[in-house]
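Take a look at the structure set out below.
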Amino acid sequence: MSKEGAKVILWEENQKDFLKKFYDLQFIPRLGEEVYLKKENWKVTRVEHDVEVNEINVYLQIIKKAKQDK
């Protein structure tokens, strides 16, 4: 029995910009989980699984860093 991994695609939530694609991702990030990607922290806002084409779309929103007062 062969185990085929689903294609996981990461998208930026508001702009629908393609960020990254994985073909064999062991762990799918959960809603509300923080992900470090492209030197930024992102928060998972939505996860969709398209069964017909075996794709998992993960939508992320960038976490804005609070500016430090001097």
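Just so it is clear, the values below take in all heavy atoms, side chains as well, and ignore hydrogens, waters and symmetry mates.
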_Can you give me the closest heavy-atom contact between N54 and H49, atom names plus distance?_
OD1-NE2, 3.9 Å
*With K43, which residues qualify under salt bridge (Lys or Arg N to Asp or Glu O under 4.0 Å), at least two apart?*
none
*Answer with yes or no whether the hydrophobic clustering places L31 together with L37; edges join I, L, V, M, F, W, Y residues whose side-chain heavy atoms lie under 4.5 Å apart.*
yes
*Would Y59 end up clustered with I28 when hydrophobic side chains under 4.5 Å apart are linked, directly or stepwise?*
no
Name the atoms and distances for all side-chain donor-acceptor pairs under 3.5 Å in residues 6-13, with sequence neighbours left out.
from, atom 1, to, atom 2, distance (Å)
K7, NZ, E55, OE2, 3.3
W11, NE1, N57, OD1, 3.1
E13, OE1, T45, OG1, 2.6
E13, OE2, R46, NH2, 3.2

*side chain to side chain contact (heavy atoms under 4.5 Å, CB included) with E40: which residues, sequence neighbours excluded?*
W42, I62
*Is there side-chain contact between E48 and I56, with heavy atoms separated by less than 4.5 Å?*
no
*Hey, is CZ on F18 packed in by over 12 heavy atoms from elsewhere, all under 6.0 Å?*
yes
*List the atom of V47, the atom of P29, and the distance in Å for their closest heavy-atom pair.*
CG2-O, 3.8 Å
